[in-house]
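Here is how names work: the chains are called A, B, and so on, in the same order as the sequence lines, proteins then strands, and each is numbered from 1. Computed from a predicted structure; not experimentally measured.
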Amino acid sequence: MKSYDHKKIERKWPQEKLTARRQKGAGFSRRKQALYDHIRIERKWQTKWSKDKIYKTKEDDRKEKFYMLDMFPYPSGEGLHVGHPKGYIATDIYSRFKRMQGKNVLHPMGFDAFGLPAENYALKTKTNPEVSVKTNIKRFKKQLEIIGLDYDWTREISTTDPSYYKWTQWIFLQLFKKGLAYESYEPINWCPVDKTGLANEDVENGRCERCGALVEKKPMRQWVLKITDYAEKLLEGLEKLDWPESIKDLQRNWIGKSEGAQIGFKVKGTGDSIEVFTTRADTLFGATYVVLAPEHALVEKLLPRLTNKEEIVRYIERSKKEAEIDRTAEGKEKTGVELKGVMAINPANNEEIPIWVADYVLGSYGTGAIMAVPAHDERDWKFAQKYNLPVRSVIEPCFTQISGLDAVRKDLPMVEREAIIAIVKHWKEEKYIVLRWKKVTWHTFVTGGIEEGQTPEQAAIMEIREETGYLHPMLVQDLGKSHGKFYHVQKQVNRFAHFHSMYFKLQDGEREEVLLEEKEKHEVIWLSKAEIEKHFSLDGGQSYVWKILQKEIATYTGEGILINSGNFSGTSSEKVKKKITESSGGKMVTKYKLRDWVFSRQRYWGEPIPLIHCEKCGVVAVPEKDLPVKLPKVKKYEPTGTGESPLAHISKWVNVKCPKCKGPGKRETNTMPQWAGSSWYWLRYMDPDNKKAFVDKKKEAYWSPVDFYVGGAEHATRHLIYARFWHKFLYEQKLVAKPEPFMKLQHVGLIMGEDGRKMSKRWGNVISPDTIVEKFGADSLRIYEMFMGPFDQAIAWNTNNLVGARRFIERVWSIQRKVLTDKKFMDATALRVLLHKTIKKVTEDIAAFKFNTAISQLMIFVNECERQEQLSLEIFKIFILLLAPFAPHASEELWAQYGEKSSVHRAPWPLYDATLLLAATVTLAVQINGRVRASISISPDTAQPEALALALSQPEVQRWVGGGSVRKVIYVPGKILSLVV
RNA sequence: GCCGGAGUGAUGAAAUUGGCAAACAUGCACGACUCAAAAUCGUGUGCUGAAAAGCUUGUGGGUUCAAGUCCCACCUCCGGCACCA
């Protein structure tokens, strides 16, 4: 997706200029409307289509079905802006196209209207949400209708309709009965402004996604759906879906699968054990302390044993108060307190290590406790530095070359060798010695092997002298050990080198001559720090040593060779994770970041959760025959802020008989979140009026799955995960036929305001489709929005460019005068070829959702028609068919004018004649030494000798070949002839 | 930090098994029509250059007869996640 630079746009289109342009009418004259009267034509056909119900869909076994779905809108009080219909126009085009290709197309529309935005709007305008939602839906629907969209409105649904939410409640009860809905008292995200609990998915950067208020942690009773049971299935299911890889990645990220080990650290002198989760069990020997999250249950349990009880209690109280956002803020200094008086035992080496409580460990992830390995983890390292905790290194880096000349060769054995890397600094300047290799494009520091009996330092001094000639290096710093596996080009063996890295400074510039043999290998150059870091890249090992010297690496977090790890020392870290885990009594486990779905809202405007609390029977489901549990009509529906929903105050509604024991019971007063209704709506469209089931099984089997789903990418981690979760559940209950709801997904790129910012009332850059439709016509709006650019890309609105779309339709209109109904008229072959090329391009581009290039091709065709004196009705009618999905009104009018009785939108899609597209001759570019110097006109099946002969006869070619001889000829028939002279 | 995406004229953009960069559209300039303006139509429009020609797809390198497209390194921007052990 192309990024959006709104500063750039603002520079070009300052507000005054935009306003002036709009007033001017952006270069479009009203007089022209007389020629093509969009208002009359669009109104006429919209009325007729609706009267004839040409888009009404029924199940039909003789035809192949195609289910095209839009993400249904949330009818806000502000109505649609021009950005909203972009996706709807695309699905409209696509579904018309599929219908013309003979598919039985289901393309429904509805409205999602429960939840915070509608309720907040109602509170603001002091109307009951039931009333305002109805008004908003009416307005939205009207706005969609004037664009000429092909929805089957007989299937319209609204999530707030009791006949709809009856089934939302019913599905919830199925989840409840299977134990997938449970009551929890855990602290959850609480929005203090909207006064409701929120799901993880509703929190963005620690703020409420709706209102931007800082989210607090608040313990309260709530209903939670066990989506985590489906984590693995949701992850696996992605594999088979034809979705953009980016959206799949967002979901994978959100689910956050992580495979690691769970290892117990016994608390000395108690029966307790601290279970930690780690992905780096290989570093277990380096665990020098363990850390518990402040909310970890064991902290409280150990409290009596502690000598600093008060301090701990204070720390925990403080961290509870802190908002999540502050606690996890970037760069925040870590804090923690040691649990004094208890020790944990590292199961790897039975060492006693301290136990800390610190808020950098999250209670909600893993086991809520970690083993800290400061030598090989950034966070632990920082914490250890601050509190002066011991650091033990257990891994030495190992770098394996996997690409390039020196990549390890699998067929050869490894030869081990002790070696050195020496970074040598100039005696005066801030420069370092680098060897520039002659036969390969490498740069390295001084390196070499260690001979028998040499110390690393001696070996380094010798290498410095041999390779650079400098006589007086002085060892300044030991940079530690690292390892490298690579192919030694000169020695032709795989080398497993164990490097001792050192930093030297030359005491003076005294130098002896370097042996010729060394000179041939490489050249000594002096480079500054910046040059080393910028102008060439060191390989993994060399750059590691450099970074150690620059103190850029405080702690090594990569893989390597184990040291200080008992029997495991010397082995490679990737391979021993499982062995170390098992030998320490741990087990391999899988953890997910995905949290269960907090499903209660303490607000009025949502589906009531259909449960009854009974003192005797506990929580009881409302019997199916009593569904829906209707949302009671109330005067006051402001949120209470107490953690109870406003429904709790309606005693008449709350107090009911327990369905089981007939004793006194109380209704659940929490309502469902906004995402509930949209988690199954595509199923209801298949059978919207069913009173006996949420969908008829046969109808569901016919229409499922949704073949193509189009909507905003912002729903990747909410709606699309919830919907897949519910669908998978229904599938397992054998209530639906397919395991996944949406086979193919495409996301819409936003339309930004003319100033490059998001279209919003706040910026005053909102453009309403109504005014555009009125002034330029729905067909112009449709074509413009599809022509703007790639469909999935964010693009700024530009009324100026819209004129081009209108002009295009007018040009189509004006071509009519050239159309001959005389059947004997023969079109020029070129026009006929272009027509078939156009059929091909438009067909393929619509299928690929590349509407911009499809329209471009239609424009090319129209421009060519303008150049013709006359053209046949036959050709023009085929063109109308191609135009129909894009400009349904204009093409229907033209279609009718030429005597067609039935709708163009029910006509069959044209096919192209492939034989016509095989051109007799093509223009072939002739390149000489990589430059195009001439072009020749030949048949694409000409053989090379003839083509070459023809090319050489061209004066241009002769001029460039000159006296030289042609050394090489590359001939790609129909594409290019390339000569090397 | 991690994951994903993008960078091409004045502007929106086009071009993918590597084969003539800038299709189509907007804008702009000039011309026709007009008393005039608008609209419409026509011509031109990447940069340098008088021309010949050269240069040009974020930067630097590489592979190739040929690179926007493939490889390596880097820069910038956008989206998402982020103390996730």
Side-chain angles (χ1 to χ4, degrees), chain A residues 1-5 8-9 12-13 24-32 35 204-205 244-250 252-254 256 258 260 276-280 291 327-332 334 358-362 364-367 369-373 377-380 382-383 403-404 441 533-537 591-593 713-714 716-717 784 787-790 792-796 798 800-805 807-808 810 814 850 852-853 855-860 863 866 923-935 967-970 972 974-981:
Chain A
M1 203 186 302
K2 191 168 170 179
S3 59
Y4 226 85
D5 183 355
K8 187 170 152 192
I9 291 174
K12 202 199 159 205
W13 298 104
K24 211 176 104 191
F28 169 67
S29 154
R30 213 162 250 282
R31 264 174 58 193
K32 197 67 193 175
L35 178 60
E204 279 177 0
N205 292 322
E245 213 40 51
S246 59
I247 293 204
K248 288 201 213 176
D249 271 325
L250 286 180
R252 286 191 193 108
N253 234 321
W254 191 262
S258 167
V276 306
F277 174 68
T278 178
T279 53
R280 290 300 299 271
V291 190
R327 192 173 144 184
T328 61
E330 194 180 354
K332 192 211 166 210
K334 300 185 184 352
D359 62 5
Y360 81 94
V361 174
L362 304 177
S364 57
Y365 182 74
T367 57
I370 61 154
M371 64 180 206
V373 186
D377 183 280
E378 299 270 355
R379 295 152 299 180
D380 298 343
K382 279 188 188 142
F383 193 76
S403 63
T441 57
E533 284 164 6
K534 271 211 168 144
H535 292 286
F536 68 94
S537 53
K591 297 279 177 193
Y592 301 90
K593 282 199 266 182
E714 69 273 19
T717 50
Y784 169 59
F787 186 61
M788 289 174 93
D792 59 356
Q793 185 177 298
I795 299 177
N798 186 335
N800 211 28
N801 284 356
L802 171 67
V803 175
R807 282 185 193 146
F808 168 64
E810 286 177 359
S814 77
K850 285 158 73 175
N852 53 336
T853 47
I855 291 167
S856 155
Q857 185 64 36
L858 291 172
M859 287 172 168
I860 290 170
N863 290 348
E866 280 283 32
T923 310
L924 189 81
V926 181
Q927 288 189 344
I928 294 153
N929 289 345
R931 278 166 199 291
V932 179
R933 297 298 183 184
S935 56
R967 270 196 292 159
K968 192 169 178 185
V969 180
I970 294 109
V972 185
K975 292 245 165 108
I976 206 147
L977 176 67
S978 185
L979 310 178
V980 184
V981 180

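Mapping Gln857(A) and Leu979(A) onto RNA chain B via the closest heavy atom, the residue that lands nearer the 5' end is Gln857(A). Mapping Asn929(A) and Leu802(A) onto RNA chain B by nearest heavy atom places Leu802(A) at the nucleotide closer to the 5' end.
The phosphate of A25(B) has OP1 or OP2 within less than 4.0 Å of a side-chain N or O from Asn863(A). Put simply, Arg252(A) has no side-chain N or O that comes within less than 4.0 Å of OP1 or OP2 on C2(B). Close to A85(B), at under 4.0 Å from its OP1 or OP2, lies no side-chain N or O of Tyr360(A). Under 4.0 angstrom from either OP1 or OP2 of C65(B) there lies at least one side-chain N or O belonging to Lys968(A).
Using a 4.5 Å heavy-atom threshold, the side chains of Thr278(A) and Val373(A) count as separate. Side-chain atoms of Asn801(A) and Phe787(A), non-hydrogen and from C-beta on, never get closer than 4.5 Å to each other. Met788(A) is not listed as a side-chain neighbour of Asn798(A), based on a closest heavy-atom distance of 4.5 Å or more.
The aromatic rings of Tyr365(A) and Phe277(A) sit perpendicular, their planes meeting at an angle over 60°, well past the 30° parallel limit.
With A85(B), C20(B), C24(B) as the candidates, the nucleotide lying closest to the side chain of Ala925(A) is C20(B). The side chain of Ile860(A) sits closest to C24(B) out of C24(B), C81(B), G19(B). The side chain of Ile970(A) has G19(B) as its nearest neighbour among A85(B), C83(B), G19(B). For Lys593(A), taking side-chain heavy atoms from C-beta onward, the closest of the listed nucleotides G19(B), C81(B), A85(B) is C81(B). Nearest to the side-chain atoms of Asn800(A) among the listed nucleotides C3(B), G12(B), U26(B) stands U26(B).
With rounding to whole Å, Ile976(A) atom CD1 is found 9 Å from C65(B) atom C1'. When rounded to the nearest whole Å, the span between CG of Asn253(A) and C1' of C3(B) equals 5 Å. Regarding Asn798(A), its CG atom lies at a distance of 11 Å from the P atom of U26(B), rounded to whole Å. Per the geometry, CD1 belonging to Ile855(A) stands 15 Å off C1' belonging to U26(B), to the nearest Å. In this structure, Glu714(A) places its CD atom 19 Å from P of C78(B), rounding to the nearest Å. Atom CG of Leu250(A) and atom P of C78(B) are 17 Å apart (whole Å). The distance from atom CE of Met859(A) to atom P of G12(B) is 17 Å, rounded to the nearest whole Å. Whole-Å rounding puts the Glu245(A) CD to G80(B) P distance at 19 Å.
How far CZ of Arg807(A) is from CE of Met859(A): 10.5 Å, rounded to the nearest 0.5 Å. Rounding to the nearest 0.5 Å places OG1 of Thr717(A) at 9.5 Å from CD1 of Ile247(A). A distance of 12.0 Å separates NZ of Lys968(A) from CG of Leu979(A), quoted to the nearest 0.5 Å.
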Interface polar pairs with nucleotides 41-48 of chain B, N/O, under 3.5 angstrom:
none

Grab the N/O contacts between the protein and nucleotides 14-16 of chain B below 3.5 Å, and write none if there aren't any.
residue : atom : partner   : partner atom : Å
A14(B)  : OP1  : Asn852(A) : ND2          : 3.0

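Rounded to whole Å, the separation between the P atoms of C70(B) and U17(B) comes to 11 Å. As rounded to the nearest Å, G79(B) and U59(B) have P atoms that lie 24 Å from one another.
Across all strands, Asp377(A) comes closer than 4.0 Å to no nucleic acid atom at all (heavy-atom distances). Within the nucleic acid shown, Arg967(A) has no heavy atom closer than 4.0 Å to any nucleic acid atom. If you check every strand for non-hydrogen atoms under 4.0 Å, Ser978(A) touches a base. Val972(A) comes within 4.0 angstrom of a nucleotide base, judged by non-hydrogen atoms across all strands.
When both pairing distances are held under 3.5 Å, G1(B) makes a Watson-Crick or G-U pair with C81(B). Remark: C30(B) base-pairs with G42(B). Criterion, Watson-Crick or G-U wobble with two distances under 3.5 Å. Checking A66(B) for Watson-Crick or G-U wobble geometry (two distances, each under 3.5 Å) identifies no partner in any strand.
In the interface, the side chain of Gln927(A) is paired with the base of G19(B) through a donor and an acceptor atom under 3.5 Å apart. For Ser856(A) against C24(B), a side-chain-to-base donor-acceptor contact under 3.5 Å is absent.
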- Task: Kindly indicate, with the supporting measurements, whether the criterion side-chain contact (heavy atoms from CB on, under 4.5 Å) is fulfilled by Asn929(A) and Val980(A).
- Result: CA-CA 5 Å; Asn929(A) 289 345; Val980(A) 184; 3.8 Å; yes
